Q: 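Structure below; questions to follow.
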Amino acid sequence: MRFKLIMALADDDYTEAIVKAAREAGATGCTVITSARGEGLKPGKTFLGLDLAGARDLILFLVAEPLSRTILE
């Protein structure tokens with residue numbers, strides 16, 4: 001059996017809704033890494049050395065390949 005990894009980076013307010021939707025589509029579980037931070041081409045804005053970006057969660061789903069498209073959509 002082949003597997004695919006689906007990664008989602010979302011505001012912490014939406015984590016539960018994403019996990020619930022994935023479970024309804026066939027996902028059996030996930031891993032949530034809280035307070036993830038990313039950086040693009042340009043550094044994020046800061047105020048007196050404090051990061052202004054909101055907290056984000058990294059959600060990882062390891063799913064069977066036939067279910068991956070359904071869960072992703």
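In this text, all values refer to a predicted model and were calculated from it rather than measured experimentally.
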Q: So which heavy atom on Ile18 is nearest to which on Ala10, and how close?
A: CD1-CB, 3.5 Å

Q: Please report, to 0.1 Å, the donor-acceptor pairs under 3.5 Å made by any side chain of residues 28-36, with sequence neighbours excluded.
A:
none

Q: Assigning hydrophobic clusters by single linkage (Ile, Leu, Val, Met, Phe, Trp, Tyr; side-chain heavy-atom cutoff under 4.5 Å), is Leu72 placed with Val19?
A: yes

Q: Mind checking what makes side-chain contact (heavy atoms from CB on, under 4.5 Å) contact with Ala8, not counting sequence neighbours?
A: Ile59

Q: In plain terms, say whether Arg56 and Asp12 are close enough for a salt bridge, that is, a side-chain N and a carboxylate O under 4.0 Å apart.
A: no

Q: Please find the pair of heavy atoms, one from Val63 and one from Ala27, that lie closest to each other, and give the distance.
A: CG1-CB, 4.4 Å

Q: In sequence, state the C-alpha distance, the side-chain angles, and the governing distance for Ile6 and Leu60, and then conclude on side-chain contact (heavy atoms from CB on, under 4.5 Å).
A: CA-CA 6 Å; Ile6 299 173; Leu60 305 170; over 6 Å; no

Q: Minimum heavy-atom separation for Ala22 and Phe61, please, with both atom names.
A: CB-CE2, 3.5 Å

Q: My understanding is that only residues two or more places apart in sequence, or in another chain, count here; which of them pass side chain to side chain donor-acceptor pair (under 3.5 Å) with Ser68?
A: none

Q: Filter on side chain to side chain donor-acceptor pair (under 3.5 Å), then keep only pairs touching residues 13-26, sequence neighbours left out; what's left?
A: Thr15-Asp57

Q: Please list, chain by chain and in numerical order, all residues satisfying side-chain contact (heavy atoms from CB on, under 4.5 Å) with Ala21, sequence neighbours excluded.
A: none

